[in-house]
Amino acid sequence: MTEPGKKPTHFIQEIIDADRAAGRYGGRVHTRFPPEPNGYLHIGHAKAIWIDFSTAEANGGLCNLRFDDTNPTTEEEEFVEAIKEDVRWLGFDWGDRLYYASDYFEQLYQYAEELIKRGKAYVCDLSPEELRAYRGTLTEPGRESPYRNRSVEENLDLFRRMRAGEFPDGSRTLRAKIDMASPNLNMRDPVIYRIQRARHHRTGDTWCIYPMYDFAHPLSDAIEGITHSLCTLEFEDHRPLYNWFLEALEIPDPPQQIEFARLELTHTITSKRKLRQLVEGGYVRGWDDPRMPTLRGMRRRGYPPEAIIDFCSRVGVSKTNAVISLGFLEHVVREHLNRTAQRVMAVLNPLKVVITNFPEDRVEWVEVENNPEDPEAGTRQVPFTREIYIERDDFMEDPPKKFFRLAPGREVRLKGACYITCQEVVKDPATGEVIELRCTWDPESLGGSTPDGRRVKGTLHWVSARHAVPAEVRLYEPLFLTEDPEEGGDFLANLNPNSLQVLTGCLVEPGLAGAAVGSRYQFLRHGYFAVDPDSTEDLLVFNRIVPLRDSWQKIQGRERT
RNA sequence: UGGGGAGUGGUGUAACGGGAACACGCUGGACUCUGGAUCCAGUAAUGAAGGUUCGAAUCCUUCCUCCCCAGCCA
């Protein structure tokens, strides 16, 4: 766990340190998280959110939440609320600094007029197709628009009439007058305003022209007094343009854009389009499916937000395109849950055990610790009776060498309760399936050890048959079989057919009855689980957050191959 | 074949001219009322070639590889 409040050491912090040493921005640090409200946030956004908010905080500064809502055709109010919810869930607070680029539409418009007046922008009548043709290619320069040298008066008049709605959608644009021969395509007279009669989720039909990102972003930053505008690597090519607008308008103390690498995870996609394909194609149950890399999916799965943040901070900040292994995320989640999750016994695949020398009506309440990692967590009482269930995998009639669990004639410990010895195996005469074990217990072992100090190799979890609470348990595996879902060219072909396994007829200890949705537990020897909102009064539903490391499974897997 | 970035163990991050470190993974062992956790040990890296220097991951040159850019998306 990284210590909170400790100053980070990444390259962005170094830039900030240098700025402060030089007295830039009067020593201020002000960042912003600028999502476009056109979809749900995912794990990649978590890194951006963490960087934006935590670097501000670490430097005594502030971070704004600003919706970058300059494209009304794709944006919706629904996403605004969802994004706010997700950022809050991660534990960040934007205070009263909730902004929208659309709040600045009038101001941005005035900036655009100013650009025209300075001879740095012009209205262009080229069609989208012509514009593309005029732009040139990666290796050939573009050509200047025939409308490039209109007078300031004509441009102003035309632009005002664009705003007034005198021209059809797409018929004209406002372009920055920069350099059609620039090797950086972004500088080849980029469009800064387009005509678009679309209802905006906040401004309604007030506007029929909307600013482009490249124009709106640096100026929105300037308006909010942002000092360090942090974004991902693909905007590196846009930085000259970002700076160009600020210079062209002579913005004092201009903000600076700094780019860092996105967070990518193995076995995971974050492309909005592909995520939508998974949802719409029914490959997952929705945007909050616990297998999804969306923050809502991870929340439902049971990932603690603190663990996600810790993960981000431990992955680090750099400019190297990196793919972090899903295993590392799981490690951090386990580490967090190991310290915080209450232990509980749950039998996922029950096998009945009758303890023949245990009185029929006796209920022995045994004491079990809630979390051996945290003495403060205390203990609880669990009922032990003559008929119990153990995990079917914890018994083998003909056990291999390193199998330390129950087998005919073998003695094991039942966690917190006692030692039992398997005396008889009852099978279904028709199928040969083991349906019941008849065991005896050693009353001396009550509590989990014996006066003679003899040792048993295995400790099993169990539930009392008549006290157990039924549950459904959903086990998850990565959505994709391959580290890189794009391997082979078709991500759908790499989908893991076993990404969801639903276990019914599971039995959990009685204390779990009525457990709150979202609460997290460690099912002893299985993993960490969270209560799913699908739970009802009659049936608890659990999601497996992450399994426990399992060295037995590893040994088995090794011997099988 | 233009422009912008990036190359350190299997993975991610450090080292900022001076003994390549940390974390995850992996291997082995200790311990254990979770085959968990913990502990201990081991494994393994500076893209290449030149050059500067007493000394280079770090500075210079050339080369190689990978990523991004031709929306009136962000």
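Just the heavy atoms: all of them, side chains too, but no hydrogens, waters or symmetry mates, feed the values below. Everything numeric in this text was worked out from a predicted model, so none of it was measured.
- If you check B/G42 for Watson-Crick or wobble pairing at under 3.5 angstrom, you find it paired to B/C26.
- For the residue pair A/Q342/A/N371, the side-chain donor-acceptor check at 3.5 Å is not satisfied.
- Residue A/R262 places none of its side-chain N or O atoms closer than 4.0 Å to OP1 or OP2 of B/C68.
- Remark: A/R314 engages A/E335 in a salt bridge, criterion side-chain N to carboxylate O under 4.0 Å.
- Ranked by how close their nearest RNA chain B nucleotide is to the 5' end, A/Q522 and A/N186 are led by A/Q522.
- As the counterpart of B/U58, no nucleotide is assigned, since no Watson-Crick or G-U wobble pattern has both distances under 3.5 Å.
- Applying a 4.0 Å cut-off to non-hydrogen atoms, none of the residues of residues 44-52 of chain A approaches RNA chain B.
- When side chains are defined from C-beta on, A/I51 counts as touching A/F260, because their heavy atoms get closer than 4.5 Å.
- Residue-to-nucleotide contacts include a donor-acceptor pair under 3.5 Å from the side chain of A/D237 to the base of B/G3.
- The phosphate of B/U13 has OP1 or OP2 within less than 4.0 Å of a side-chain N or O from A/S318.
- The separation of B/C64 from B/A48, taken at their C1' atoms, amounts to 7 Å, rounded to a whole angstrom.
- For A/V315, the listed nucleotide lying nearest its side chain is B/G12; candidates were B/C72, B/G35, B/G12.
- The partner of B/A70, taking Watson-Crick or G-U wobble pairs whose two distances both stay under 3.5 Å, does not exist in any strand shown.
- One finds a salt bridge joining A/E411 and A/R454 here, because a Lys/Arg side-chain nitrogen approaches an Asp/Glu carboxylate oxygen to under 4.0 Å.
- A donor-acceptor contact closer than 3.5 angstrom is absent between the side chains of A/Q257 and A/H238.
- For B/A74, neither phosphate oxygen OP1 nor OP2 lies less than 4.0 angstrom from any side-chain nitrogen or oxygen of A/K272.
- Pairing partner, B/G19: none, since no Watson-Crick or wobble contact has both distances short of 3.5 Å.
- OP1 or OP2 of B/A74 sits under 4.0 Å from a side-chain N or O of A/T70.
- Per the geometry, CD belonging to A/E140 stands 11 Å off C1' belonging to B/A70, to the nearest Å.
- Closest contact between the side chain of A/T139 and the listed nucleotides B/G2, B/A6, B/C67 involves B/G2.
- Look at A/R188 and you won't find any side-chain N or O under 4.0 angstrom from OP1 or OP2 of B/A70.
- For the C1' atoms, the distance linking B/A20 with B/C68 amounts to 31 Å, nearest Å.
- Straight-line distance between the P atoms of B/G7 and B/U13: roughly 9 Å, to the nearest whole Å.
- The residue from A/Q277, A/K274, A/E264, A/H42 that alone fulfils the side-chain contact (heavy atoms from CB on, under 4.5 Å) condition with A/I269 is A/K274.
- Close to B/C73, at under 4.0 Å from its OP1 or OP2, lies a side-chain N or O of A/R194.
- A/E14 contributes a side-chain N or O that forms a donor-acceptor pair with the base of B/C16 under 3.5 Å.
- In summary, the aromatic rings of A/F105 and A/H200 are positioned with their centroids under 6.0 Å apart.
- A/E36 and A/N38 form a side-chain donor-acceptor contact under 3.5 Å, judged by distance and modelled atom types alone.
- Within 6.0 Å of atom CZ in A/R163, more than 12 heavy atoms from other residues, nucleotides or ligands are found, so the atom counts as buried in its surroundings.
- A donor and an acceptor atom sit less than 3.5 Å apart, one in the side chain of A/H238 and one in the base of B/A74.
- Listed candidates were B/G71, B/C73, B/G35. Nearest to the side chain of A/Q196 is B/C73.
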> Which parts of nucleotides 38-47 of chain B does protein reach within less than 4.0 Å, heavy atoms only, written one letter per nucleotide 5' to 3' as B for base, S for sugar-phosphate only and - for none?
Replying inline: ----------
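- For the OP1/OP2 pair of B/A14 and a distance below 4.0 Å, the side-chain nitrogens and oxygens of A/T9 include no atom meeting the criterion.
- B/G12 has no base stacking with the ring of A/F328 when judged by centroids under 5.5 angstrom apart and an interplanar angle below 30°.
- Judged purely by distance below 3.5 Å, without hydrogens or angles, the side chains of A/H461 and A/E391 pair a donor atom with an acceptor atom.
- When distances run from any side-chain atom of A/L185 to the nucleotides B/G7, B/C73, B/G2, the shortest one goes to B/G2.
- A/R239 is linked by a side chain to side chain donor-acceptor pair (under 3.5 Å) to A/E259, counting only residues two or more places apart in sequence or in another chain.
- Of the candidates B/U34, B/G3, B/A74, the closest approach to any side-chain atom of A/P183 belongs to B/G3.
- Classification of B/G55 as anti follows from a glycosidic angle more than 90° from 0.
- In this structure, B/A6 forms a base pair with B/U65, meeting either the Watson-Crick or the G-U wobble geometry with both donor-acceptor distances under 3.5 Å.
- Between the side-chain ring of A/Y213 and the base of B/A74, no stacking contact exists by the 5.5 Å and 30° definition.
- A/R549 has a side-chain polar atom (N or O) that falls below the 4.0 Å cut-off from OP1 or OP2 of B/C26.
- Look at A/D189 and A/R143 and you find no salt bridge, because none of the NZ, NE, NH1 or NH2 atoms lies under 4.0 Å from a carboxylate O.
- Neither OP1 nor OP2 of B/G4 sits under 4.0 Å from any side-chain N or O of A/K319.
- Here A/P240 lies out of heavy-atom contact (under 4.0 Å) with every strand.
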